[in-house]
Structure formats: structure tokens, C-alpha cells
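By convention in this document, chain letters (A, B, ...) are assigned in the order of the sequence lines, proteins followed by strands, and residues within each chain are numbered from 1.
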2 protein chains.
Amino acid sequence: MSASIHLQPSGAPRKFEVTCSSCSLRELCLPGELCAEDLARVENLVYARRRVKRGDALFTAGGEFGAVYSVRSGFFKTSVLDNDGREQVTGFFMGGELLGLEGISGRYHASATALEDSEVCVLPYALIEQLSREVPALQRQLHAVLAREIARDHGVMLLLGSMRAEERLATFLLNLSRRFVRRGYSPTEFQLRMTREEIGSYLGLKLETVSRLFSAFQKDGLIEVQQKHVHIRDIGGLERVLAARH
Amino acid sequence: MSASIHLQPSGAPRKFEVTCSSCSLRELCLPGELCAEDLARVENLVYARRRVKRGDALFTAGGEFGAVYSVRSGFFKTSVLDNDGREQVTGFFMGGELLGLEGISGRYHASATALEDSEVCVLPYALIEQLSREVPALQRQLHAVLAREIARDHGVMLLLGSMRAEERLATFLLNLSRRFVRRGYSPTEFQLRMTREEIGSYLGLKLETVSRLFSAFQKDGLIEVQQKHVHIRDIGGLERVLAARH
DNA sequence: CGCAGGGTTGAGCGCTCTCAATATAAGTGG
DNA sequence: CCACTTATATTGAGAGCGCTCAACCCTGCG
């Protein structure tokens, strides 16, 4: 496993800006600062890799917590179950993102399901716990990742609590676009890995409403959709859907 | 500052079940296991106390992160602001609960406002960071608290994403009830500290809808409401509002 | 006493849901 | 490879829940 190391232009002495380009650990390495030897130790957190077939669970709600997972390739959803068995999708995860953080309290409270054949790095919590005591930068990164997860959830709460349907879908598409481009994919053309029902669950809408909105956005020239293939034609227009709160 | 210490009935040797009854640090002490000397160190995390007047901010979104706060007395709300200045309430916090965890990434991303004259313990992050390296039980508790916060948010997402208005309000009342009773107050009779508008924002409803639902619950004999005073007359009935998903 | 903030209630509208039919894609087994 | 089955997506018509707008009331406080 390799990592590219760049000297900081004007940083503190003995500090390096480190990117774990090949190990899918960006969340824990960036934008933290790790010296080269600590980086090697962080990389050793990767205890194993695990393949997960489309439709299979990486972990399930209620299961005993043991590890956090970093997505190497593929796509996941996380979801919690209602008392009556109804599903609420709480997030979608793509390459480089961390899964399972919410389990640290002892048990996973959500389930993670692969939406396509995927591969993850297994980061046993015992190792993270141990190492973050010895490497303060890792400790801080871990805390930062947890805090960002909370911030992300608050953003979703804002979306669910105060946006109308078309604003929700526009937000969703813009968010996907931003995450794809950070991973080197096209920001305007991509395949959705999730169904309309899963999108709807995440956005607090029914699948028919999602479908109708896709059609409406297409009619307005904002996007082109055909099943799971999406082509964003007017990013500014999508942003304007959000700006036009009345 | 004192703490009551109980030997565990059949625990591991040299481990104590510790409760920080007077220091408002339950979240970081329970259900963790700390030996007596570590407990003293955890209590020293409390760097200062701070009074916050009703309506004043404890911290504001965008402000630099420095400390986590434990509510000693009083009541807070946290909220994030929309691009257009609309407010989304993300949580309510009462005695013993921790505030500001989401700031660990560097800046607070939400604001905390006192809903009545309140007092908090200030826990500087630098101290937490330092001490949690030396006291594994604290480290684990900190992680657990963060993870529970994420789990809590997922619960709210489920509420906002898939419940109808009356289910949301019933959930809200039952949640308040449970939290009051844990603090030694009546589970069936309490004063709301927040306005209808703040409840509505939290639940993704308009204030008029909240008001109407209170009236409807009263007509159904589930509760008695008069302004901010609430008396729950039929907890089972409130629970049945949730069970009756169609 | 009068004002301001918060709460209640009513009438009507509109966004999103429900129910339903059809279309399209993705598997599956012969 | 094709016929069959199943999952997913699209679209329509109509209903209902929660919102908007508006009037009025209550309570605390200067």
C-alpha cells in the first residue's frame, strides 16, 4: 500500500500533508497531518478487505460492533427500520467514505447494504482505539469524522424538515454531483445506484413523487434521465431551484 | 464536587460503577467504568461554569470550536440556519446532556440558545483530547456519546422522513417524558420550554399544525394542555398513536 | 392599562400521497 | 436465445393532510 507525501509549503516542522491515495482512507488521513511513520501505522489499521455482493449486508442493525469500514469500491446504503418494518434510508456511501461509525456505542443501529458489488477495508475498532491514543492526529481526525457525520445528518434534517419535494431532489442531485467529481468522475453524468424507492425513503418522499420530479426536471431542461442514467444539463438551474424559496 | 461510587456486584476487579451525580457529567461517566482516581481526573475536565440567560447563545454556528458543554441546569435548543435564514431546530437539551459535540471538526456548525436561564459546565476540548488518551474508559465514552448522537439524529430522520404529523408530536412528547423521568421529574406533567414554532421546526411542521395537534390530543383525552403546561393523561394512548401505522 | 409575543382556531388551497394501470428493464430457467 | 417472471419506473386521476392566510385570544410585563 502506498501513499503520496507532499511537504507543506509553509507548515510546522516535521509535519507532512499526506494523502492515502490507494488505501481508501482519505477520511482518516485528510486533511489531517501525519508524519510518515505514523502514516504507515494508520495504514496498518486495514486489517482485511472484504467483498460484499450487491444486495448483501455489510452489517445489520443490532449486530455487535467490531469495525468501521472504508469503501474501496462500490456503493452502499445505510438504513434503519421502523417499528412496523418500514425502512428509512439514512445515507448513501461511495468510494473513500467511512461506514459504521454510529456503531461505536456498542452495536450497529443501522444496516449497511451494498447497492452493487463492492469491496471495503475493515478497520477494527480495537486498533483504531489503540492507535488514536498514540497518534494524536489520528485521534483528532477520528473525532472530526464523527463530528462531520453529525453535521451531515443535521443537513438532512434541515432538508427533511423544511424543504419542498423539488428542493430535496435538487439538493440530492447536487450533493451526488459534488461527491462524484471529488472522486474523479464526471459531475454531470452518472449512474444512480439506488432505486426511486430508496431515493424517496432518503428524501422523505414516495417513489412516485421522485419519478415525477425527475420527469419535471427533464421537461424544464435541468437534467436528462433514463432509468438510472442521469445527465445534469443545467447545474445553475438546479441551484436556482434551491434559491427560489418563497 | 462529589460523586457516588458503587462496587459492581460481580464486576471485574478494580473497576467501579461510577455516577457523577452532582457534576452533570453523566454522559461521560455513565455507563462507563472508571476507577476512583480516573474519576477525579474526569471531573477536572470541568474548566469553568458559565451562566447563559434566556434567549442568549451559548455558541453560534460558524464560531470557532473550543469546548463541549454539559448542561447543569436549564434548557437549550440547537439550530442550523438555512441559506435563506430559515431556522431548523436540530435538538433540545436538558440537564446532564452534552452540547457542542458536532463542533469537534473545528467550528460549530449549529447554534445553541438558552430557552431559560441556564448554567453549563465548560469542558475544553484540548483537555478532553489529552485525558482521553490517558484514560481509555473516557475515550470510549466520548466515542459512545458521539455515536449515540448520530443514532439520535437517525431517529429524527426517520421521524421527519416517514411519520405523519400526529405521530411526530406523539413521539416528541414521549421522548420528553422519558427524559424528564430520568432526571427525577414527573413523566406525565411538565412545562414546555420551547414555543410552538420551535417544536414545529424540530418536527418539520408549522406552528399552527402543532397547536391544532395539541388541541386534538386534548380532545381525545390523551393530554391536557394549557399554553406551555402539559399533563399526559394516557401514555399508552400516545404510544398507540405510533403503533397505528396503516 | 396597553402593548407585544405567543397561542388558538377557522376556511380554503395546493402539494404530496394513494391507488391503479402500463411500460420498461433485469433476471431466470428451459 | 427466447419465453416467462419479477423488479423497477412512468404516468394519470383523485383524495387528504398539512400549509397559508387571517382573525382573535391569552398572558406577562413595562
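Rounded to whole Å, the distance from CZ on A:R196 to P on D:dT8 is 12 Å. The distance between atom NE2 of B:H229 and atom P of D:dG28, rounded to the nearest whole Å, is 14 Å. Nucleotide D:dG18 holds its C1' atom 14 Å from the CD atom of B:E167, rounded to whole Å. For the pair B:L207 CG and D:dA22 P, the computed distance is 15 Å after rounding to whole Å. Remark: P of D:dT8 and CD of A:Q191 are 16 Å apart, rounded to the nearest angstrom. As a whole-Å value, the separation of B:E197 CD from D:dC19 P is 13 Å. Between the P atom of D:dG12 and the NZ atom of A:K219 lies a distance of 9 Å, rounded to the nearest Å. Rounded to whole Å, the distance from CZ on A:F214 to C1' on D:dT8 is 13 Å.
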**Message:** Walk me through whether B:Y202 and B:F92 qualify under ring-ring contact (aromatic ring centres under 6.0 Å, His included).
**Reply:** CA-CA 9 Å; B:Y202 181 63; B:F92 297 108; 5.2 Å; yes
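If you check distances only, the side chain of B:R164 never reaches the base of C:dT18 with a donor-acceptor pair under 3.5 Å. Scanning atom types as modelled, one donor and one acceptor separated by under 3.5 angstrom connect the side chain of A:E208 and the base of C:dC19.
Contact check on B:E198 versus B:R193 returns no salt bridge, with no Lys/Arg side-chain nitrogen under 4.0 Å from an Asp/Glu carboxylate oxygen.
At a threshold of 4.0 angstrom between heavy atoms, the contacts of B:T195 are confined to the sugar-phosphate backbone, with no base atom among them. Nucleic acid contact for A:G204: sugar-phosphate only, since backbone atoms but no base atoms lie under 4.0 Å from a heavy atom of the residue. Among the protein residues, B:L205 comes within range of the sugar-phosphate backbone only, with heavy atoms under 4.0 Å from sugar or phosphate atoms but none that close to a base. Counting non-hydrogen atoms under 4.0 angstrom, B:G200 reaches nothing in the nucleic acid.
Each of A:R168 and B:Q226 has a nearest nucleotide on DNA chain C; the 5'-most of these lies closest to B:Q226. Along DNA chain C, the nucleotide nearest A:Q227 and the nucleotide nearest A:K206 are compared for position; the residue whose nucleotide lies closer to the 5' end is A:K206.
Checked by atom type, the side-chain pair B:E87/B:S201 shows no donor-acceptor distance below 3.5 Å.
In this structure, B:F75 and B:M94 have side chains that are in contact, with non-hydrogen atoms separated by less than 4.5 Å.
Distances shown here put a side-chain N or O of B:T209 below 4.0 Å from the OP1 or OP2 atom of D:dC19. Between A:S215 and D:dT11 there is a side-chain polar atom (N or O) within less than 4.0 angstrom of OP1 or OP2. Phosphate contact (OP1/OP2 of C:dG7, side-chain N/O of B:K228, threshold under 4.0 Å): present. The side chain of A:R212 places no N or O atom within less than 4.0 Å of a non-bridging phosphate oxygen (OP1 or OP2) of D:dT10.
Of the possible donor and acceptor atoms, one in the side chain of A:R168 sits under 3.5 Å from a partner among the backbone N and O of A:L160.
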